[in-house]
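What follows is a short report on a single structure.
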Amino acid sequence: MKFAVLVFPGSNCDHDLEWALKHVLKQKVEMVWHQQDALPTGVDCVMLPGGFSYGDYLRCGAIARFSPVMKAVSAFAKKGGMVWGVCNGFQILTEAGLLPGALIRNASLSFACKDVHLKVERNDSLFTSGLKGKDVLRIPIAHGEGNYTCDAATLTQLKQGRRILFRYCDPNGIVGPDSNPNGSLESIAGILSENGRVLGMMPHPERACEEALGNTDGRMLFESCLNALSRA
């Protein structure tokens, strides 16, 4: 499979994604500079990395949304392509209108950098189908604006469409305020597009892909994605 990893000024997790995809999962990866107006041919999935695109000026992801490459990403998504945004990538997807809602300052007004637990709300999505019954993941976060919010109508649509994929929880899978690291609405950590082919999530699965890192929970998400692409 072939992945395109976007690179914006201020991206700092682009090579983390490249390492996980190319060296750990042995997939083809092409780095795509933000000023390109087209995606490489034969791309199966577009990855938007974490970091601080354009220095997070104005709002996180607000300037990156206008990069030339995002027109190609939007067109790719509208045709049913798989798009996956992590951390700042999630913020860019909401700013671009590919996912609803917004990511605002953490309720603590502090940067959060630690491992968190995620409750997998459904294991039949393209990104979670390979979890084999595992419904709690341990994945790192590193963000200052990971507080997901949306209006009541959008929240209802997300729930009715089973589009909330991950919620922050404790190690036993119990969702509550004590396990919510940023004040996110209903502990939401990741959501899907209406067609289930665009994912935005705040935690960093690329940082949990190798035994050397002490955690491979993130690798299962990538493997699920690969399995879904192989069936397409």
Side-chain angles (χ1 to χ4, degrees), residues 5-6 8 10-21 24 47-53 55-56 59-61 64 84-95 99 101-121 125 127-128 131 134-150 158 164-192 198-210 212-222 224-225:
V5 176
L6 305 190
F8 300 93
S11 295
N12 68 2
C13 301
D14 43 348
H15 289 293
D16 292 357
L17 279 172
E18 181 189 29
W19 178 270
L21 291 165
V24 178
M47 302 287 308
L48 284 74
F52 306 91
S53 59
D56 278 350
R59 288 186 313 275
C60 298
W84 188 348
V86 175
C87 199
N88 188 224
F90 187 6
Q91 295 162 344
I92 296 170
L93 290 177
T94 59
E95 289 287 343
L99 290 173
L103 284 307
I104 61 176
R105 287 291 302 275
N106 294 349
S108 65
L109 302 184
S110 299
F111 191 87
C113 184
K114 60 181 181 179
D115 281 0
V116 299
H117 290 90
L118 301 180
K119 181 176 178 59
V120 180
E121 294 292 342
S125 80
F127 303 90
T128 57
L131 295 185
K134 187 176 179 66
D135 58 2
V136 177
L137 304 175
R138 180 169 60 90
I139 307 286
I141 59 169
H143 59 249
E145 292 85 12
N147 185 349
Y148 181 80
T149 187
C150 65
L158 290 175
I164 299 173
L165 190 58
F166 304 116
R167 281 190 167 94
Y168 300 108
C169 67
D170 70 11
N172 297 313
I174 299 173
V175 175
D178 291 341
S179 57
N180 188 334
N182 50 40
S184 182
L185 177 67
E186 295 204 5
S187 297
I188 292 173
I191 62 172
L192 296 167
V198 179
L199 167 63
M201 60 185 296
M202 287 310 298
H204 288 266
E206 75 279 9
R207 298 181 183 178
C209 283
E210 297 181 270
L213 299 175
N215 188 356
T216 58
D217 282 4
R219 179 170 179 162
M220 292 186 286
L221 300 180
F222 289 109
S224 293
C225 179

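Values below: all heavy atoms of this structure, side chains included; hydrogens, waters and symmetry mates excluded. Numbers here simply count residues along the sequence, with the first being 1.
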Is there a side-chain contact between [X] and [Y] (heavy atoms, below 4.5 Å)?
{"X": "I174", "Y": "C169", "result": "no"}
{"X": "T128", "Y": "F166", "result": "yes"}
{"X": "D170", "Y": "D178", "result": "no"}
{"X": "V24", "Y": "R219", "result": "yes"}
{"X": "D14", "Y": "F8", "result": "no"}
{"X": "L21", "Y": "V5", "result": "yes"}
{"X": "P49", "Y": "V86", "result": "no"}
{"X": "E206", "Y": "M47", "result": "no"}

*With L118 as reference, evaluate L221, I139, D135, L165 under the side-chain contact (heavy atoms from CB on, under 4.5 Å) test and give the passing residue.*
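Output: one option passes, namely I139.
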
_side-chain contact (heavy atoms from CB on, under 4.5 Å), paired with C150, selected from T94, I188, L185_ =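 The passing option is L185.
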
If you look at every heavy atom in [X] and [Y], which pair is closest and at what distance?
{"X": "G176", "Y": "S187", "answer": "O-OG, 4.1 Å"}
{"X": "I164", "Y": "E121", "answer": "O-CB, 3.2 Å"}
{"X": "L99", "Y": "L199", "answer": "CD1-C, 4.0 Å"}
{"X": "V116", "Y": "P181", "answer": "CG1-CG, 4.1 Å"}
{"X": "V136", "Y": "K134", "answer": "O-CE, 3.3 Å"}
{"X": "D56", "Y": "G61", "answer": "OD1-N, 4.4 Å"}

From [X] [atom1] over to [Y] [atom2], what is the distance, rounded to the nearest 0.5 angstrom?
{"X": "L6", "Y": "S11", "atom1": "CG", "atom2": "OG", "answer": "8.0 Å"}
{"X": "C87", "Y": "H143", "atom1": "SG", "atom2": "NE2", "answer": "6.5 Å"}
{"X": "C209", "Y": "D217", "atom1": "SG", "atom2": "CG", "answer": "10.0 Å"}
{"X": "I92", "Y": "R59", "atom1": "CD1", "atom2": "CZ", "answer": "12.5 Å"}
{"X": "E186", "Y": "L158", "atom1": "CD", "atom2": "CG", "answer": "9.5 Å"}
{"X": "C13", "Y": "E18", "atom1": "SG", "atom2": "CD", "answer": "13.0 Å"}

*Return yes if a side-chain donor-acceptor contact under 3.5 Å exists between N182 and Y168, otherwise no.*
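Yes, because at least one side-chain N or O of N182 sits under 3.5 Å from a partner of the opposite role on Y168.
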
*Is it the case that S53 and N88 place a side-chain donor and acceptor less than 3.5 Å from each other?*
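Yes - a donor-acceptor pair under 3.5 Å links their side chains.
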
_Using the rule given for side chain to side chain contact (heavy atoms under 4.5 Å, CB included), can you reason through R207 versus D16, listing the C-alpha separation, both sets of side-chain angles and the distance that settles it, and then say yes or no?_
CA-CA 7 Å; R207 298 181 183 178; D16 292 357; 3.7 Å; yes

*Could you give me the CA-CA distance, side-chain angles and deciding distance for T216 and E210, then say whether side chain to side chain contact (heavy atoms under 4.5 Å, CB included) is met?*
CA-CA 5 Å; T216 58; E210 297 181 270; 5.5 Å; no

*Over 60° means perpendicular and under 30° means parallel, so classify the ring planes of F222 and W84, tilted if in between.*
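W84 and F222: tilted rings.
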
*So L137 and M220, side chain to side chain contact (heavy atoms under 4.5 Å, CB included) or not? Walk me through it.*
CA-CA 10 Å; L137 304 175; M220 292 186 286; 3.8 Å; yes

_Under a 3.5 Å distance rule, please check whether N106 uses its side chain to pair with a backbone N or O of L109 as donor and acceptor._
no

